[in-house]
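So you know, we letter chains A, B, ... as the sequences are listed, proteins then strands, and number each from 1. This one's a predicted model, so the numbers in the text were calculated from it and none came from an experiment.
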Number of protein chains: 2
Amino acid sequence: MAKDTEEETTGRKASWKQDPEAVRADILRVATDEFAAKGLSGARIDDIARMTKASKRMIYYYFTDKEGLYQAVLERVYSTLREDEDRLKVEDLSPVDGLALLVRATFEAHAATPMFIRLVMIENIHNAEYLRRSEIVPRLNRSIIQKLEDVCARGKAEGVFRETADPLELHWLISSPSFYNVSNRATFSTSFGTELFGPEGQKRLAQRVVDMILGLVVIGYEPGQVRVE
Amino acid sequence: MAKDTEEETTGRKASWKQDPEAVRADILRVATDEFAAKGLSGARIDDIARMTKASKRMIYYYFTDKEGLYQAVLERVYSTLREDEDRLKVEDLSPVDGLALLVRATFEAHAATPMFIRLVMIENIHNAEYLRRSEIVPRLNRSIIQKLEDVCARGKAEGVFRETADPLELHWLISSPSFYNVSNRATFSTSFGTELFGPEGQKRLAQRVVDMILGLVVIGYEPGQVRVE
DNA sequence: CTTAAATTGTACGAGATGGTTAATTTGTCA
DNA sequence: TGACAAATTAACCATCTCGTACAATTTAAG
């Protein structure tokens, strides 16, 4: 009841700094969580607004609509990931060790960013509609292929890699277990238990993936020849 | 207002047959498409109702609510898949050929049922909440592990498989590329092109997966030793 | 200090959406 | 046949959700 309507406490913030970038970033941060958790249709703009310092109005001010916000989230996450990729230095290693490092790093990078994985899953549910629409994303992801090309070229030149080794195929072969390891953890462990997803199991899986890839590419490779960690 | 209440044109269908099973099945069929296409939150009960012969009320009559319908869809699809699995006969083959067949069949089965893949993706987005709740599903999926156990045991007994071969790990290693091949096709081809997903590319990938798995398990295996097709 | 531009809060509407009420038909069994 | 349970239907409802109108407030420039 309390009828202090006379108060008319217009809830306007008494004072604020003009900091568009910070507001934008905060919205994106919250929206990333929300979209990753509930998907595009499941996410609620009102929930995002509530969790943000900014008001709901600002979401539309900066991102036009829900899809615009989703697209921005997607692009930011993809970009962030590329930076991590670029940090890898494989040129200094032997082809075998370089490839092993790429495999291990990919496996671990996926495991470390479940949020990114979820957004990619969601985007695939939407048939990559928003990824395709993006100008910035398609030309990302190139660096990892580049690294694989370098390693493959050196490995073949040194005669330690099979001539059949193909960078794009390899990227696919390395990504698939790394991605699946995170994306399908819930259903897999429901059906078959969690033993593969503890610290032990994860190390074993990483080792298996390294062994599989090197076994395919490196002439005369024996499982366990290169150890993970 | 409108005073033609006397009319009371109850638009009821003049006549219909009672066929509960058919109605239930029809709803499930339509709902499977809808959920696979748009996810749990994206799916629209009204759309399902419109595409069904039955009325919207029947959906609630038989499945209680949206989640009940989704759960029924999930269980039916999982069950259907198990039947396919059981049709595989690997006991008659040598361990190496048997394992190769399992790999190939898994790869192809996944590629042939994108709808199932999408539902599993969606279920993972929901952290397998509904799969866990199901009584019937968890104990499915056992037959594939059983087959792998048989093959592994025989392979080790014959001295052609490494002692490190583990059925559960193998299932994971075989499933991951098979699943990823379908689940991430949209984003992968957006980033890297479609060449892996034509008939040629798919055959190459299947061969690579066979080579990887056999390379990991079979002592002295060389890529291409067992050919796909 | 005036004033236009930038930024934010509130309140609300239109339409969609999950779910329900109440009626009607069909089939079955005493 | 007639009563009763099961099956089926159309219409309806309460609520949620995206998006917007618009006023209020602050910043910044002249």
So what does Ala43(A) hit on the nucleic acid, given a heavy-atom distance under 4.0 Å: a base, only sugar-phosphate, or nothing? sugar-phosphate

Length of the CG-C1' vector between Leu40(B) and dG18(C), whole Å: 12 Å

Whole-Å distance separating the CG atom of Asp46(B) from the C1' atom of dT20(C): 13 Å

Has the side chain of Lys66(B) got a donor or acceptor atom that lies under 3.5 Å from a matching backbone atom of Ala43(B)? yes

Would you indicate, yes or no, if dG9(C) has its OP1 or OP2 atom less than 4.0 angstrom from a side-chain nitrogen or oxygen of Ser55(A)? yes

When rounded to whole Å, the CZ to P distance for the pair Arg44(B) and dG15(C) reads 17 Å

Rounding to a whole Å, what distance do you find between Ile59(A):CD1 and dG9(C):P? 11 Å

Carboxylate-amine/guanidinium contact Asp33(B) Arg29(B), below 4.0 Å: no

Per the under-4.0 Å heavy-atom filter, residues of residues 62-73 of chain B near DNA chain D come out as Tyr62(B)

Contact class for Ala22(B) vs. all strands (heavy atom < 4.0 Å): base, sugar-phosphate, or nothing? nothing

Atom OH of Tyr60(A) and atom P of dT10(C) are separated, to the nearest Å, by 17 Å

Would you say dT8(C) has OP1 or OP2 under 4.0 Å from some side-chain N or O of Arg57(A)? no

Rounded to whole angstroms, how far apart are NZ on Lys56(A) and C1' on dG19(D)? 7 Å

If you take the centroid of each ring, where Trp contributes its six-membered ring, are Tyr70(A) and Phe35(A) closer together than 6.0 Å? yes

Test item: side-chain donor near acceptor, Thr187(B) and Glu123(A), under 3.5 Å: no

Test side-chain contact (heavy atoms from CB on, under 4.5 Å) applied to Ser176(A) and Ser178(B), Ser183(B), Pro177(B), the passing residue: Pro177(B)

Between Arg50(B) (CZ) and dG18(C) (P), how many Å, whole number? 11 Å

Using whole Å, report how far OH of Tyr61(A) lies from P of dA5(C). 12 Å

Do Asp47(A) and Arg50(A) sit within salt-bridge range, that is, some charged N less than 4.0 Å from a carboxylate O? yes

Assess whether atom CD of Glu200(B) is packed by more than 12 heavy atoms of other residues, nucleotides or ligands within 6.0 Å. no

